[in-house]
Novice: 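Take a look at this one; I'll ask things after.
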Amino acid sequence: MRNNKSIIAIVIALVAVLTVSGIAFGGKIANMLKEKTMSPADYFYSVEKNGVKKSKDEYLKGYKQSYKLMEKEKLHANMELSAKAEDGLSNLISSSLSPEFASIKSVNLGMDYSLTPKTIDYALNTKINDTDFLSGSASIDSSDNKMYAQVPAISADYLDLSSTLGDDSLKTAMDSFANTFSIAKTLSPEKVDKLVTTYSDLMIESFKDVTKEDGSFSAGNFEEKAVVLTAKMDGKQFCDALDSIIDTAKKDDTLKEIVDNYSSLFAEYTNEDVDYDGAMDKAKEEVASIRTSIGDKKDFITMIVYVNDKGVIVGRDISIAGKEDKLNFKMLKATHNTDIGYELSLSIGDEQILKVEGNGKIKADKITADFDIELNVEDKTYTAKASLKDCNTINYLSGKASGTLVLESADLAPGYSAEIKFNTDLTKADFAVTIKDGSQTYGTVGIKYAMDDKISSNKPAADAKFIDANSEEAMAAYIGAFDFKKYFDEFAQKANLDISYSSLETFASSFMGGLGMTDDFSTDDFNTDDFNTDDFNWDDYNTDDFSTDDYDSEDFNWDDFDLDTDSSDDASGL
C-alpha cells in the first residue's frame, strides 16, 4: 500500500512539475513533445493550423463587433478629415500662391451618417480656422418615399427632393439597401470560423512531401535557432488541392447560402442570378486549364517554415515555379531576448523587387525599430528608411494598433519626412500624417472615424417649411436669396482670415485663366436657370446595359500570372 501511495505521490509531483514548467516556458515542453513524437508532416500540419487558429480568433474579435451592428440593423458613422498648416506650409503658400491665403491655418470636413433598413441620414459640416463655415444635411425615408436636404446658411427651409426621384426608384434602392443588412447577417462569426478552418485545413493538408531538421536563420543583426520544415508540392498535387477545395465548396451549404444571398443582392441590378453549381463547374474547368499549363512540374511550390521552440512560426520562405522565372517571397523575424531582427523580400527570378531589413526592440508588447527599404522598379532602385516608435500591433488583426511610423526617402523626397501617428480600436480609428523638412514642420493631415449604433435623424419637423426642388422658379429664388459675398466676408472676419471675397474672386479668375478656361471668371456666370432637374431621368440608367456575359474567364491566362501567396505571422504583428 505504501509503495502505491509513493507512486501516486511521485506521479502527482511529476505532473505538477511539468505543469509549472509548461507555464514558465510558455508551452516549450508541449511543443518539444509534439516536435519529437510527430512525423514531419503531422508537426507541419499542427503548427500551421495553430497559426491559422490564432490569427482567425484574433480577427473574429473585431469582426464580432462589426457584426453586432449588422444584427441591430443600425449603423452610425462619424468621420472627420482635417488639415493643419504650420509655418513651413504657410511660408510656401505666401511665396508661391498669395500672402492672403497663408492666413488659412486649418481646414476641417466633418461627415456624419446613420443607416437603417428604411432610412439614411447624412450631415456635412466644414470649418476654417476652427470656425464653422458651411454645413448641410439630408434625410431619406423609404417608408414615405421622401428625401429632404437643408443648408442652414442659405435658408432654414428644407429642399424637398422627393419628386425628382420618381415614384418607385427610391423605394427600390432602399429595399436593396435594406437587404444588405439581412444578407450581411448570414455571414455570422460562427460561419466565418467554420469556413476559414475548413478551407485552410484543406490547403495545409495538401502538402504531402514534408521534411524536418534542426537549423537556424538570420534576420537583421540576429540569428535564431529553429525547427526547419520544408513542404513541397508538385504541379499535380497543387491542382489536386484546388479540385479538392472546389469539390468541398460545391457541397458546402454554408458557402452556398452566403453566395446565393449576396448574388441575390446584385441580381436586381444585373438581372442575373448566380448559378452556384454552374460556377463551381466552371471553376473545375479553370483548374483543368491550369493543370494543362503547369503539368506535373516538380517542386511547383516549395515552402520553408521556421518554427521556434514555442511552436510559433517565425519565418517563411516560399518559392513558386513559374513558366520561366521563379517567384520567391521571404519573411523572417529573429528574436533575441528583447531584440528583434526582421527581413522581408520579394523577387522574381534573379531580380529582387522589394527588400525590407531592420532591427529593433520589443518592450511591454511595443516595438521600436528601424528599417531599410529597397524597391526596384523598371531598372530603377529607390531606397527609403522607416522607423517604428512604440508601436503595438499585437492585436492588429482584430483592429487594434497604435504607434508612430516615420518614413523618409532621399530618392523620392530628399530632406523630407512623413510622420504617421495611428491609433485604431475595433470600430474607431485616428490617423495623422505630419510632413517635415528637417526641423521645419509643414503641416498635418488627419482622419478620424468611429462607428456605433447610436443613429441620428435629420428628418424635418412637422412644422418645417419646404421648397420644391423640382420647381425652377423656387430653386432660382432659393439660391438667389443667398448673398455669398456678404456671408464670406463676415465669416472671414470671424475666422481671422485676411482673404476677402473680392480677392477670392480675383484669384479664381487668375487661376481659371491660367488654365486657359476663361479670362474673365465671375460668379455671375453661374445661372440657376441652366440647371433643370428634368435633365436627369432615372430611366436613363438601364441595368440591362450591364451583363456578366461581358466578362469572359478565358481572357485570364494562367501563364500570365504565377500565383499570389499569403503568410501568417506571430503575435508581434510583424
Side-chain angles (χ1 to χ4, degrees), residues 49-82 110-116 180-181 183-197 199-200 258 262 312-313 331 333 340 342 344 356 360 362-369 371 386-407 418-434 444-455 566-574:
K49 290 180 181 181
N50 284 340
V52 170
K53 184 180 185 304
K54 189 172 185 178
S55 297
K56 176 195 63 183
D57 290 347
E58 188 62 36
Y59 168 75
L60 286 175
K61 289 180 184 178
Y63 183 77
K64 288 176 181 177
Q65 296 293 321
S66 301
Y67 185 76
K68 286 180 181 178
L69 297 178
M70 293 296 105
E71 281 189 308
K72 292 181 179 180
E73 297 190 339
K74 295 179 180 180
L75 176 61
H76 168 252
N78 182 275
M79 180 181 295
E80 180 184 358
L81 303 175
S82 63
M111 293 170 282
D112 188 283
Y113 61 89
S114 295
L115 310 174
T116 73
T180 62
F181 279 106
I183 291 172
K185 288 192 295 184
T186 64
L187 193 55
S188 66
E190 293 75 20
K191 290 179 180 178
V192 172
D193 190 332
K194 179 182 177 182
L195 290 172
V196 172
T197 300
Y199 295 100
S200 62
I258 293 168
Y262 276 93
V312 176
I313 297 173
M331 185 165 63
K333 191 190 76 173
I340 180 175
Y342 185 79
L344 180 148
V356 180
I362 300 177
K363 184 177 181 180
D365 295 334
K366 292 186 177 181
I367 300 171
T368 297
F371 300 90
S387 297
L388 296 177
K389 298 180 180 180
D390 293 330
C391 289
N392 189 333
T393 57
I394 290 177
N395 305 118
Y396 76 99
L397 285 174
S398 69
K400 291 185 178 181
S402 62
T404 301
L405 169 65
V406 179
L407 296 171
E419 181 183 80
I420 305 168
K421 292 186 176 181
F422 57 95
N423 188 356
T424 66
D425 187 3
L426 300 178
T427 56
K428 60 184 179 181
D430 186 353
F431 295 90
V433 182
T434 301
T444 301
V445 176
I447 179 171
K448 296 180 181 179
Y449 76 84
M451 294 186 297
D452 55 44
D453 61 351
K454 298 177 178 61
I455 63 170
D566 189 15
S567 64
S568 60
D569 213 338
D570 67 359
S572 72
L574 285 177

Novice: Answer yes or no: are there more than 12 heavy-atom neighbours, outside K49 itself, under 6.0 Å from its atom NZ?
Specialist: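 Enclosed: over 12 neighbouring heavy atoms sit under 6.0 Å from NZ of K49.
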Novice: Drop me the distance from K428's NZ to N78's CG, to the nearest 0.5 angstrom.
Specialist: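 Nearest 0.5 Å value for the NZ-CG distance: 12.5 Å.
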Novice: Is any side-chain heavy atom of V406 less than 4.5 Å from a side-chain heavy atom of K389?
Specialist: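 With C-beta onward as the side chain, the pair touches.
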Novice: Calculate, to the nearest 0.5 Å, the distance between atoms CG and CD belonging to D112 and E80 respectively.
Specialist: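 Going from the CG atom of D112 to the CD atom of E80 covers 11.5 Å.
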Novice: Identify, with sequence neighbours excluded, every residue that meets salt bridge (Lys or Arg N to Asp or Glu O under 4.0 Å) alongside K61.
Specialist: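 For K61, the residues satisfying salt bridge (Lys or Arg N to Asp or Glu O under 4.0 Å) (neighbours in sequence not counted) are E58.
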Novice: Is there a side-chain contact (heavy atoms from CB on, under 4.5 Å) between L187 and V192 once you walk through the steps?
Specialist: CA-CA 7 Å; L187 193 55; V192 172; 3.8 Å; yes
Novice: What is the minimum heavy-atom distance between P189 and Y67, and which atoms define it?
Specialist: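 Reported closest heavy-atom pair: CD-CD2, 3.5 Å.
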Novice: Using side chain to side chain donor-acceptor pair (under 3.5 Å), reason through T197 and K56 one step at a time and then give a plain yes or no.
Specialist: CA-CA 8 Å; T197 300; K56 176 195 63 183; 2.9 Å; yes
Novice: Decide if atom NZ of K191 counts as having more than 12 heavy atoms of other residues, nucleotides or ligands within a radius under 6.0 Å.
Specialist: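 Atom NZ in K191 is crowded, with more than 12 foreign heavy atoms closer than 6.0 Å.
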Novice: Can you name the nearest heavy-atom pair linking L407 to I420, along with the distance?
Specialist: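 The answer is CD1-CD1, 4.1 Å.
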Novice: Work out which heavy atom in C391 is nearest to a heavy atom in F422; give both atom names and the distance.
Specialist: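 The pair with the smallest heavy-atom distance is SG-CZ, 3.9 Å.
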Novice: Take V196 and Y59 through the test side-chain contact (heavy atoms from CB on, under 4.5 Å) and record every step on the way to the result.
Specialist: CA-CA 11 Å; V196 172; Y59 168 75; over 6 Å; no
Novice: Considering non-hydrogen atoms only, spot the tightest contact between H76 and K454 and give its length.
Specialist: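 Shortest heavy-atom contact: CG-O, 3.3 Å.
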Novice: Using 0.5 Å steps for rounding, measure from the CG atom of L388 to the CD1 atom of I367.
Specialist: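 The distance works out to 7.0 Å.
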Novice: Quick one, K400 with L426, criterion side-chain contact (heavy atoms from CB on, under 4.5 Å). Give me CA distance, side-chain angles, the key distance, then yes/no.
Specialist: CA-CA 6 Å; K400 291 185 178 181; L426 300 178; 4.3 Å; yes
Novice: When rounded to the nearest 0.5 angstrom, what distance separates CD1 in I258 from CG in L195?
Specialist: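 Output value for this atom pair is 5.0 Å.
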Novice: For a side-chain contact (heavy atoms from CB on, under 4.5 Å) check, start with the C-alpha distance between L115 and I455, then their side-chain angles and the critical distance, and finish with the verdict.
Specialist: CA-CA 7 Å; L115 310 174; I455 63 170; over 6 Å; no
Novice: Looking at NZ of K366 and OG of S402, how far apart are the two atoms once the value is rounded to the nearest 0.5 Å?
Specialist: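 Spacing of NZ (K366) from OG (S402) equals 6.0 Å.
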Novice: Hey, which of K68, K72, K74 is the one that makes side-chain hydrogen bond (donor to acceptor under 3.5 Å, both in side chains) with D453?
Specialist: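 Running side-chain hydrogen bond (donor to acceptor under 3.5 Å, both in side chains) over K68, K72, K74 with D453 returns exactly one hit, K72.
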Novice: Output yes when a side-chain donor or acceptor of T424 lies under 3.5 Å from a complementary backbone atom of G399, and no otherwise.
Specialist: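 At least one qualifying donor-acceptor pair exists.
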Novice: Can you tell me how far the OG1 atom of T186 sits from the CE atom of M70, to the nearest 0.5 Å?
Specialist: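 Spacing of OG1 (T186) from CE (M70) equals 12.0 Å.
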